[in-house]
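Heads up, the thing below is written out as structure tokens.
For clarity, every value in this text was computed on a predicted model and none was experimentally measured. Both counts, for ligands and for their atoms, begin at 1 and track the order of listing.
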Amino acid sequence: MEKLNQNKKQKILKKTIKWSKEVGKYQKEKINSNISIKSKDTEIDLVTEIDEKSEEIITNHIKEEFPEHSILAEEKNSKETDSEFKWIIDPIDGTINYAHKFPIYCISIALKHREKVKIGAIHVPTFNETYTAIRGQGAYMNGNPIKVSNCKNLNKAILATGFPYDRKISAEDNVDNFRKMIKKIGGIRRIGTAAYELTQVARGVFDGYWEMKMNPWDIAAGTLIVKEAGGQVTNLKGEEIEDEPFVIAGNKNINEKIIEELK
Ligand code: IPD
Ligand code: CA
Ligand code: CA
């Protein structure tokens with residue numbers, strides 16, 4: 001069995017930050033250029049050549065440093081091994097933003113050990129912000145501790161959410177939830193990047209967040225960062241999650257109030 005001691009966790013986090021900044025710099029340089037864009041499963045789910053190249057850069061680093069580890073990467077560089085370690089990577093969270101040159105997007109990298117996310121890093125190139133967490137050791141923005149908000153009143157809460165890519169063909173489109181919530185809360189934002197929205201919950205800028213049909217790469221790092229910032233991340237039953245499709249995040253009060261409204 002492979003161990004993950006304190007020293008190793010710190011070293012891995014350092015490397016993770018370095019890789020995310022390396023691709024962040026590349027993404028920032030390329031955002032205003034003429035980028036090739038393709039559709040994936042639905043015509044509105046996009047991938048750019050920059051997503052693909054970024055993923056290749058990150059996964060090449062991982063393959064070189066940790067050749068035995070599994071990788072779950074959004075685009076095409078996943079690999080399954082029998083290691084207890086699994087990297088979960090979203091090379092650009094907010095691809096639609098990126099493809100449209102709207103500059104809020106991020107790189108999300110998480111490392112699971114024995115099915116639990118132990119390390120998470122989300123780098124936001126435009127703002128030069130890097131959000132990090134090691135399980136049990138708090139959450140940080142550029143090395144400074146961050147905390148979820150202490151808002152208790154849903155009526156005043158600022159939340160974030162998103163709508164799934166299959167919303168044109170599926171009845172489970174989050175529109176009913178949105179309709180319900182918008183009447184009860186202080187305000188809502190739809191930034192277009194789940195990982196970034198989770199960092200803003202962790203930082204206490206947003207009081208809560210919910211979204212459905214998420215993939216592990218959208219939320220693995222963000223979930224750990226919110227929990228380590230003192231927040232709660234659950235499914236609709238109120239059970240703490242690592243990376244399930246229905247995600248409700250917030251400080252404890254707001255997480256429970258969102259569940260109450262949506263269940
Ligand atoms: C998407 C973003 C978006 C969310 C979608 C995700 P992508 O990820 O996080 O905010 O609403 O569900 O798929 O496609 O930009 O990596
Ligand atoms: Ca994503
Ligand atoms: Ca992506």
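Heavy-atom contacts of Ala194 reach the following atoms of ligand 1: 2 (C), 9 (O), 10 (O) (cutoff under 4.0 Å). Set against the non-hydrogen atoms of Thr95, the atoms of ligand 1 under 4.0 Å away are 15 (O). Set against the non-hydrogen atoms of Asp90, the atoms of ligand 1 under 4.0 Å away are 16 (O). Atoms of ligand 1 found under 4.0 Å from any heavy atom of Asp218 (numbered from 1 in listed order, with element): 6 (C), 8 (O), 13 (O). Using a 4.0 Å cut-off to heavy atoms of Gly192, the atoms of ligand 1 that qualify are 2 (C), 3 (C), 10 (O).
Classified by interplanar angle (parallel below 30°, tilted 30° to 60°, perpendicular above 60°), the ring pair Phe66/Trp19 is perpendicular.
Residue contacts with ligand 1 do not include Lys213, since none of its heavy atoms lies under 4.0 Å from the ligand. Taking 4.0 Å as the cut-off, Ile92 counts as a neighbour of ligand 1 on heavy-atom distance. Residue contacts with ligand 1: Tyr165 is included, with a non-hydrogen atom under 4.0 Å away.
Angle OE1(Glu74) to the Ca ion (ligand 3) to OD1(Asp90), rounded to 10°: 80°. Draw a line from the Ca ion (ligand 2) to OD1 of Asp218 and another to OD1 of Asp93, and the angle between them is 110° (to 10°).
If you check which protein heavy atom lies closest to atom 8 (O) of ligand 1, you get Asp93 OD1, 3.0 Å. Shortest contact from atom 5 (C) of ligand 1 to any protein heavy atom: Glu211 OE2, 3.7 Å.
Tested against Ile92, the residues Val23, Val47, Asp51, Thr193 include a single side chain to side chain contact (heavy atoms under 4.5 Å, CB included) partner, Asp51.
By the 6.0 Å contact criterion, NZ on Lys152 is open, its count of non-hydrogen atoms from other residues, nucleotides or ligands being 12 or less.
Distances between N or O atoms of Glu197 and those of ligand 1 include no value under 3.5 Å. Of the N or O atoms in Pro164, none lie within a sub-3.5 Å distance of an N or O in ligand 1. By the 3.5 Å distance cut-off applied to N or O atoms, Gly162 is not counted among the residues near ligand 1. Considering backbone and side-chain atoms alike, Ala195 places every N or O at 3.5 Å or more from each N or O of ligand 1.
Gln200 and Tyr131 share a donor-acceptor pair across their side chains, judged by distance under 3.5 Å alone. With hydrogens and angles left out, the side-chain atoms of Glu22 and His61 include a donor and acceptor closer than 3.5 Å.
The shortest non-hydrogen separation linking Ala221 to Ala110 is N-CB, 3.7 Å.
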### Message
I'd like to know whether Lys8 forms a salt bridge (charged side-chain N to carboxylate O under 4.0 Å, His left out) with Glu65, so could you lay out the CA-CA distance, the side-chain angles of the two residues, the decisive distance to 0.1 Å, and finally the verdict.
### Response
CA-CA 13 Å; Lys8 191 164 172 185; Glu65 290 273 350; over 6 Å; no
#### Entry: Test log, rule salt bridge (charged side-chain N to carboxylate O under 4.0 Å, His left out), inputs Lys76 and Glu56
CA-CA 9 Å; Lys76 55 184 175 193; Glu56 205 181 300; over 6 Å; no
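Val226 and Ile259 end up in different hydrophobic clusters when Ile, Leu, Val, Met, Phe, Trp and Tyr side chains are linked at under 4.5 Å.
With contacts defined as side-chain heavy-atom distances shorter than 4.5 Å, the pair Val117/Leu111 does not qualify.
Under 4.0 Å from ligand 1, the heavy atoms of Arg190 that appear belong solely to its side chain.
In terms of modelled atom types and a separation under 3.5 Å, the side chain of Ser108 and the main chain of Asp90 share no donor-acceptor contact.
Residue Ile92: an N/O/S atom is found under 3.0 Å from the Ca ion (ligand 3).
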